[in-house]
Structure formats: structure tokens, C-alpha cells
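A short worksheet on the structure shown next.
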Amino acid sequence: MLSRATAIFLSLLPSWAFAGDQTPDWRLNARIVAVGLPDVAGVREVGRFHVGGPIPGNPEFLMATREGRMLDPLRVLVAVGSNFGAPPGDPALEVGAILSIDPRAGKSGGTIIVPQDLTGNGGDARVQLYTAQSERFLNRRYNAGARTARLAAASGPRYISINNAFGRPWIANAPNGLAGEGSVTVIDPDGAPLANAPSREAGGVFAGRHTDREQAPKAQPSGWLGKLLNYQASGQLTSGGMQTGALGTAFLGPSPDGSGFAVFAAVTADGGVVQIHVQDGVDGLAGPGTVSTGLGTVSIGQGIGDDPGVIGLAFKWNPDRALYIADPGRDRLVLLELEDDRRHFTVAGTRTISLPQFDRPVDVAAAIPEIANPQFSSHTTLAGGSDLFVANRGDGSLLRLSQDGRLLARATIEIPGLGRLGPDRLRAIAPSADAQRIWIAIGGEAPGFPGHEGALIEIPTFGEHGTSMRTQETQGTTTDANLAMRGKQVFQTDFTPQTGLGPLFNAASCVACHPGPGGASIDESHFARRIAQMDPGSGRTVPIDHPNSPVARRHALRDGVAIASAAMPSQANVISLRMPLALYGIAGIDEIPDSVIEAQAISKGDGIKGRAHHVVDSQGASRVGRYGWKADIATLKDMVANAFANELGITSATVSREAGAQPIEQSSAQIEAVASYLRALLPDGAKP
């Protein structure tokens, strides 16, 4: 048995000292959480279900999310190819189960050895059998009339995605192996397929061609009667089905048809991608061969054989929609750019990301999962601006990529008593809700645990910078033409370190993010990133004590001169993207008296009521806020000073007390000049 000291993973150990622009390559020590997980596949932290969804709204379901229960937010679900003692519901189909494991228990009590018979678990809360291929978890338990009534919630389970926004866990299965019909299931907290399911044909199990779409909405009506009369018979809107095993699934959010029902994507062993509407059934999304699972194309001599285990997906919803899919047979990621026709999702374009460091990439995951948005919250969804982790089964390494495919960092995994994790061991990965650790499923035996095949391990997250484990009154001011012209020059100036740029900044000039000058930008690289930390259990959001917070700047100065990517605080697990707005006429807000704003903060009889946000300006006076996030800035000049500090990294006398930095000489004059320029900026152009 391993010692407790060995079980606790160590701090970051760099495998080499990198210099210049060389990609960092980290060596991360793992903690073995649990062993005895035969044919282990997908893994996923449960996470917190949002209020308003079916689980928090049902008292019985809500109890399943309490500490120590099956869906405790901090527990980890693992897909395993064993029934753990439960007799199969259909002996002709693949067995399998989803286990709920408490990773905290492994820290205090040592590595968890999972019993191979959990039917008499005796109340051991560390490992619980959530669902399996047995009679208790067949679709017919709640959906006797469904076409897939004989199928189970888990049967040859491969991948897990959870709708934390307004739904439940979904499982991708290969109940007939890779070449036979696949299934994707949606399950209740009791482990059985969905009760009171929106689809009578599917219940909680969508499989093969049995549950393809057969009806389509005519419009997007409001009211229950309109929705009742809304549907008409149809075939599939896009052809495609699950004729082969389902190897991955990811939450796409609410359907674009306005019904409010969840839609999930799934990738199948023939390399196709489908979309599953929980009420209307299965449509295609991208045809067979979109990715190569290795089925019939990858020889056993190349390392992983014909079965990649899982094919991971990650969905980007903000500011545009895209689905990242692992493509192990071709050593790349496939990126589906998604649109919709107000009925279902469509593919607007396809791109690929290929890197020399890819070696049979089988899984992809959000570096920061979306946990805050009540429509898209899921660990298979990227938070705004989040990077991606990619798992290489070929060599056991992990990669961190930007969304555009730029390699940021690489890591290898050190297993206690074994050394570096080698080829064909890594099965699947999943981020924690707090973005501080990665849960990893690995095959084979762990040292010190003979006869216990398959393990769940924990490592810290990593990136290019390391690892986690640690006003003046301006109302009615007359514009000075000369000062405004000077402000325009400053607005268009490219600042340098010698003129005050940095050390953290989003751009080197105002006009970079407000072209025109003074207009809006829809370029995602110009979007500001507001960050915070949300406790995954309570949902409480707290600020982060870090120099690069609450606005996470994209760039930093290395050694005071060279420009490099800025480190995102490792504690950040909530990111809100803010588009740079047009600045034409923005000074007029500064001229509205406080009393006028306060007079509007009353009920109009329509159920909508606001309140004025009183803040203290840079001169220490209390005023109604007008600018910034949640109107937290009082005056136009204060807003400009805040932008100088947050976007350019240039501090001034008006913000130096808050920023804790020394003011840059002449910056106050520059701020006054830019404020004057904005007062003269008219909607018909940038001419003062």
C-alpha cells in the first residue's frame, strides 16, 4: 500500500527551464484517487445544478445533491465497463456502470480500492453505484411504451456530459460495441432513464435509428396552447443517426426552436456527429468520417488499435458557437462552426487544428468550464475565452491550447511508484468546477495495487505560466477644441513600456479596440474578460486577490520590455466577455443630473424596477454611477482613467490609490485630453 505522503501530489516540477518563446513542458505529479475501475472510460465532476432546473426544483432530487450523496457537486462520475455485481438487464448487450466517487475521501483515507461487487456496498459513501446495465436502470422502468424500453441507462458507457444549467447527466454508450447501434441516455438522480420524459418514443434512451426526429416546430410560439399546436409531422431536418457506438457527448444548450428543451451533440464510431433534442429526437449534424475514430483506419501496431475508448467534445458558446472534437485517427482536432435555422443546429463551416505534439488525441476539455450561465452551464462547455486541454492517448501527455489552436503548454504525468505515464494508458480527462485540478481516467494497474485494473487520478491544472495549487465634476463642461485634438492623438497613440504601457494590458492603444476611432469592435481578441471565482458548492461568487483581476488582461511585459501572454489567475472559474462598445455620444451620459436618474428608479407598474448605484468618485464625492460594469464609475474622466489602468496598464493620480501603483508622469493630462475628445465625438464620425 502506498504511503499517504506518496498519495498527495506535489507542487509543480518543471522538467526543464524554458527560455525565450519555447513552449513550457511541465512534469505533474499525480494523486491516485481510486483503483479497481476495469475498462474505465469517461470521467466528469458533478458540479452545481442551477436553481430553476429540475434537480434543485424537486425536493427528492435535491437531496441527491447533498454532501456525501450521489450527485454531491464535488463528487466525480466515472464510466466503467463492469456491472459491479448487478445482474445484466440484457445479457446480449455490453455491461457497464457509472460510479459516483468522492475524491476527498481518498485524501484522508488513502487510495480508494473499489469493491468489484457494489450491490452490497454496506453504505460506504466513498464509492456509490449510480447506474448500470441492470433491470433497475432499464428505460422501461419509467418509459414502458418507449421504442428503446429494453435499453439501460449505462451499457458499454463511454462518456459523460451533464446539463448543470437546466437538466441532468447524459451518457454516451456503445451497448453493441463499436460497430453496432449506439445510444445516448439522459438519467434522473436515481440512475434510471428520464421519468416524465418529453419524448414518448425515446423516454430517456435515444438509440440507433429508433428515435430519429419525426416532428418539427412550425414557429416559435408563446403560451402553452401555441406550443401544443406548434408541431407538425416531419422527417429529420438533417440526416444522421447512431448506427454505431456513441463515444462522446456534449451539451449544446437550449434548442434554437424556442421550446427551451436541451440539445446534446454526440460523436459516433463511424466518425459522424448527431444532435439530440430531448423532445424531438435525433438529427444529424456532420456526416460519417468527420472525425476518424480509428475504426478500420488505424492498425493495432499504431498504439491504440481500432477502439479509441472515447472521442471527446467541448462546446464554445460565447461569443460564437463552435464544437471542438478530438480526431485521434488523424492526429488533430475538428472544429465545427455552428449556426441554426431557428429549428435545429447547422454547420456553417469546418476547420481543423493540427499540431506536431498531437499523438492520438482522444479527449478535449475546457480549461475553465462554464459554471455560471444558467443556460449553458456544463463541464463540456467552455467559459468565455477559456483555453482547452487535450489528452494524447498515444504518449500519455496533456496539452493546453488557446481556442485558435496555439500551443500554450505541455505536461507529462508522474504516477507514484511508476514514473511517467506511458502510451495507451490515458483514457479521458475532466476539469474541476473551480478550474484548479484535472480528473483523469487511466487504464492498467497502478503500482502497489495488483489485480485492480483502471484508476482515477488527480493532477493540478497547468498553463504557460505554471500550475494551480495556489471624481471631478464634468457636467456641462465646454469642449476645448485644442484639448480635444490632443485627446484624439492620445487615443490613437501606440503606447510602449517607455511611455507607460503595462505591466498588464489588453492593447497598446485605445483605437485598437475602438476603431474608427471611437467605434465598436466585434473581434473577440479585443473583448475584455471580467473574472471571478464561484464556489462550486454554494454558487457564491467572490473576487480574486490577484494583480490580473477582476479584469484579466491578455498581455504582459516580460522583463519590462518583451510582450508575452499574461497569466490568467488559476483561481478564476467564471469569465464574462465584454465587447468594446462604440463611444459616440457617450459623454452625454455624464451630463444627466443625478436627480433625473434617481427619478427613473421607480416602478412603472410593469413589474420592472431599477435602482441608482451611488458610488464615490475620484474626488471623494458621492454620485450616481454612470459608466463601467454595473454603473460602478461616476464620471467620464474616471471611466477614461479606469480604461487607462485596466486596458493599457497605465496608472494615474486618479486611480493610483486603488491600483497601488505609482502614477505615470503626464498621464493625468492625457486622461483629461481623451475625456475632452470623447465629449466632442459625434455619432456621424470621429471629428471633434
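The figures here come from the full heavy-atom set of this structure, side chains too, leaving out hydrogens, waters and symmetry mates.
- Taking every heavy atom of both residues into account, P54 and F61 meet most closely at O-CD2, 3.7 Å.
- Rounding to the nearest 0.5 Å places CG of D280 at 11.5 Å from OG1 of T211.
- The only member of L118, L77, V76 that meets side-chain contact (heavy atoms from CB on, under 4.5 Å) when paired with L99 is L118.
- T461 and S468 share a donor-acceptor pair across their side chains, judged by distance under 3.5 Å alone.
- Distance alone, capped at 3.5 Å, is enough to place a donor-acceptor pair between the N164 side chain and the V46 backbone.
- I371 places none of its side-chain heavy atoms less than 4.5 Å from the side chain of P536.
- Judged by distance alone, with hydrogens and angles left aside, the side-chain atoms of Q133 form no donor-acceptor pair with the main-chain N or O of G156 at under 3.5 Å.
- A salt bridge links D307 with R158; the closest basic N to acidic carboxylate O contact falls under 4.0 Å.
- Using a 4.5 Å cut-off on side-chain heavy atoms (C-beta onward), N173 and P157 make contact.
- Between R141 and D188, no side-chain nitrogen of the basic residue sits less than 4.0 Å from a carboxylate oxygen of the acidic one, so the salt-bridge criterion is not met.
- Residues A266 and V184 approach most closely at CB-CG2, 3.8 Å, considering heavy atoms.
- For residues 144-165, no pair satisfies ring pair (Phe, Tyr, Trp, His ring centres under 6.0 Å), with sequence neighbours left out.
- Screening R48, R66, R104 against D72 for a salt bridge (Lys or Arg N to Asp or Glu O under 4.0 Å) leaves a single residue, R104.
- Here the side chain of T244 pairs a donor or acceptor atom with the backbone of D270 at under 3.5 angstrom.
- A donor-acceptor pair is defined here as one N or O able to donate and one able to accept, closer than 3.5 Å; such a pair exists between the side chain of T65 and the backbone of L62.
- In this structure, D395 contributes its side chain and S397 its backbone to a donor-acceptor pair below 3.5 Å.
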**OP:** Apply the test side chain to side chain contact (heavy atoms under 4.5 Å, CB included) to residues F206 and V274: give CA-CA distance (whole Å), side-chain angles for both, the deciding distance (0.1 Å), then the verdict.
**Re:** CA-CA 11 Å; F206 299 85; V274 299; over 6 Å; no

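- Proximity of a side-chain donor or acceptor of E453 to a complementary backbone N or O of G444 within less than 3.5 Å is detected.
- With 3.5 Å as the limit, one finds no donor-acceptor pair spanning the side chains of R330 and S292.
- By the 4.0 Å N-to-carboxylate-O rule, E135 lies close enough to R140 to be salt-bridged with it.
- Judged as a side-chain hydrogen bond (donor to acceptor under 3.5 Å, both in side chains), and not counting sequence neighbours, D39 has no contacts.
- Proximity of a side-chain donor or acceptor of N139 to a complementary backbone N or O of T148 within less than 3.5 Å is detected.
- Listed for the D327 side chain is no donor-acceptor partner under 3.5 Å among the backbone atoms of R332.
- A distance-only check finds no donor-acceptor pair linking the side chain of R437 to the backbone of S432 [under 3.5 Å].
- Remark: F84 pairs with no residue by the ring pair (Phe, Tyr, Trp, His ring centres under 6.0 Å) rule, at least two apart or across chains.
- No donor-acceptor distance shorter than 3.5 angstrom exists from the side chain of E181 to the backbone of P175, with no hydrogens or angles considered.
- Among the candidates Q275, R209, R213, M242, the single residue satisfying the side-chain contact (heavy atoms from CB on, under 4.5 Å) test with V282 is M242.
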